[in-house]
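Okay, so here's the structure we're looking at.
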Number of protein chains: 2
Amino acid sequence: MEPRQGAQAIRRALAVLRILAAGREDGVPLAEVVRATGLTRPTVHRIVHVLIEEGIVERHERTGRYAIGNQVPELALARARPSRLLVAANPSLRRASAEIGDTLFLTVRTGNDTLCVDRRIGVYPIQVLSIEVGARRPLGVSSAGVAILAAMPAQDARKIVAANEKRYEAYRTDVATVMGEIAAARRLGYGMREIGLVQGTKSISTWIKTPDGRPAAAMTVSAVRTRLGPRREQEVAEILLREARIIEQAIRG
Amino acid sequence: MEPRQGAQAIRRALAVLRILAAGREDGVPLAEVVRATGLTRPTVHRIVHVLIEEGIVERHERTGRYAIGNQVPELALARARPSRLLVAANPSLRRASAEIGDTLFLTVRTGNDTLCVDRRIGVYPIQVLSIEVGARRPLGVSSAGVAILAAMPAQDARKIVAANEKRYEAYRTDVATVMGEIAAARRLGYGMREIGLVQGTKSISTWIKTPDGRPAAAMTVSAVRTRLGPRREQEVAEILLREARIIEQAIRG
DNA sequence: TTGCCCTGTCCATAATATGGACAAGAACGC
DNA sequence: GCGTTCTTGTCCATATTATGGACAGGGCAA
């Protein structure tokens with residue numbers, strides 16, 4: 001069903017945009033976009049510069065990096081309403097945040113990426129704040145990504161992981177490691193990372209499925225590792241699993 | 001400087017997106033996109049359907065209309081910070097809103113469109129609320145658009161108006177009318193519409209220029225016509241002009 | 001100096017996107 | 001009922017468009 005043709009250039013431009021989005025405000029060097037997309041440099045160069053002329057991409061004077069331009073939020077204003085998921089998850093995030101006390105994240109799947117769409121800071125004095133709303137990463141490099149991959153049919157997960165292969169290098173991981181983590185998450189019932197992307201942190205993620213059974217999001221707790229021993233890991237996982245089921249019900253409504 | 005080639009399809013896709021953005025949540029029928037962009041129907045059809053596959057565009061089941069998809073806000077999250085203008089204009093909008101009591105709009109120029117980026121509701125019991133944040137229209141059909149056009153070199157304005165010609169029909173106006181309104185705004189020092197887009201309303205807009213002298217935005221008051229007689233029009237215009245200059249200073253800082 | 005990695009540009013070529021023509025469904029008038 | 005006019009969707013030969021190999025310049029480290 002997917003392969004409608006006659007628009008290669010448009011698909012490529014979007015692939016470039018998604019990589020640039022992962023670079024947030026700082027942007028991404030051209031060479032990195034080339035690596036991540038697998039396109040040739042002249043092609044990426046041409047696409048990026050046309051997008052600059054169109055106002056969709058900006059280039060930082062100092063660094064030469066390319067970033068999402070301000071015409072993208074302008075287009076996004078056409079869709080002012082917050083998403084169904086965000087509304088449905090709100091009470092659960094508040095409840096779980098109060099109960100757990102560590103930083104909570106809501107992360108959605110978008111294409112081959114995870115995208116952080118909400119964050120709640122807890123009451124405990126040490127909070128992991130490195131991931132911000134808007135943070136975007138290849139599925140598989142964060143515990144949320146692993147959880148989402150674990151919740152989908154093995155074949156689909158494998159396809160996504162393979163598609164992200166070129167991007168894993170930048171996050172110091174690889175296909176084999178990710179596949180192992182997915183298998184572990186399936187056994188456990190939730191995603192987990194002893195070594196978070198930030199040194200000394202640990203994360204636990206549960207998946208949230210849409211009514212049709214496909215994972216759409218993950219709810220994550222991140223904390224300094226010492227605060228998430230085996231006993232507390234169990235406790236936190238239970239809260240997350242409980243709230244994930246509640247959110248799934250709320251989406252249905 | 002502009003004409004970099006080798007990406008016709010990408011430019012066309014963006015032109016389509018900008019038209020779809022004008023349709024907000026409801027979207028736009030294919031035929032309307034064809035008219036507004038001047039592209040052929042097969043081309044628009046192909047572009048729109050590729051964008052649907054990519055998640056950038058959505059199609060409403062009931063109406064068959066095409067609208068901006070939720071992947072656009074997702075990309076926009078990469079740029080979380082509010083724009084410089086929005087921050088700079090905030091105090092002026094609050095002050096002017098309190099002073100005037102009618103609905104205030106802040107509208108930016110984006111390409112050949114105006115885009116409403118902020119709205120303040122006043123204290124007077126009858127408020128013009130038809131224009132919402134995110135509303136997008138061809139430059140020239142609203143008083144804000146006329147104000148922005150009036151503030152740029154005549155030749156540039158003429159070019160934009162000509163480019164929007166095909167879209168004016170849908171708003172029951174035409175190139176000659178718009179050019180006349182621009183000339184009137186230049187004489188007055190601000191944009192004005194006796195007959196607003198909504199029946200029985202009247203609008204007054206002042207332009208806001210960036211440090212390099214190009215108009216970037218407009219500040220607008222809309223009210224029921226009876227509330228904006230010649231005397232009050234003068235008063236309101238003076239407040240708007242004063243605040244516009246203050247915003248221009250604030251952007252500079 | 002050399003080597004390496006970055007960005008930018010050219011242009012012959014192949015592949016891509018194009019749009020005329022055709023089709024079919026929906027809404028309206030009579 | 002039937003024609004008219006609106007809409008959206010699809011096909012495919014064609015030529016226009018996008019492609020990427022090859023080349024070049026700049027910055028930095030050894």
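Hydrogens, waters and symmetry mates are skipped; everything else that's a heavy atom, side chains included, is used. Lettering of chains follows the sequences in order, A, B, ..., and the numbering in each one begins at 1.
- Across the protein-nucleic acid pair, B:Arg62 atom CZ and D:dT7 atom P stand 20 Å apart, rounded to whole Å.
- When each of A:Ala9 and A:Arg41 is assigned the nucleotide of DNA chain C with its nearest heavy atom, A:Arg41 is the one assigned upstream, toward the 5' end.
- Inspection of the A:Ser222 and A:Ser203 side chains reveals an N or O donor paired with an N or O acceptor under 3.5 Å.
- Using a 4.0 Å heavy-atom cutoff across all strands shown, A:Arg12 reaches sugar-phosphate atoms only and no base atom.
- The closest side-chain heavy-atom distance from B:Val161 to B:Leu139 is not below 4.5 Å.
- Rounded to a whole Å, the CD atom of A:Glu32 is 15 Å from the C1' atom of C:dT7.
- In this structure, A:Arg11 places its CZ atom 13 Å from C1' of C:dT16, rounding to the nearest Å.
- Residue B:Arg59 contributes atom CZ, which lies 10 Å from atom C1' of D:dT7 at whole-angstrom precision.
- Between B:Tyr66 atom OH and D:dT7 atom P the separation is 13 Å, expressed in whole Å.
- Look at CG on A:Leu39: it is 8 Å from P on D:dT19, rounded to the nearest Å.
- Side-chain contact of A:Tyr66 with A:His45: a donor-acceptor pair under 3.5 Å is absent, judged by distance alone.
- We find that CD of B:Glu53 is positioned 13 Å from P of D:dG9, with the value rounded to whole Å.
- When heavy atoms are screened at a 4.0 angstrom cut-off, B:Arg46 is found touching base atoms of the nucleic acid.
- Inspection of the A:Asp113 and A:Thr110 side chains reveals no N or O donor paired with an N or O acceptor under 3.5 Å.
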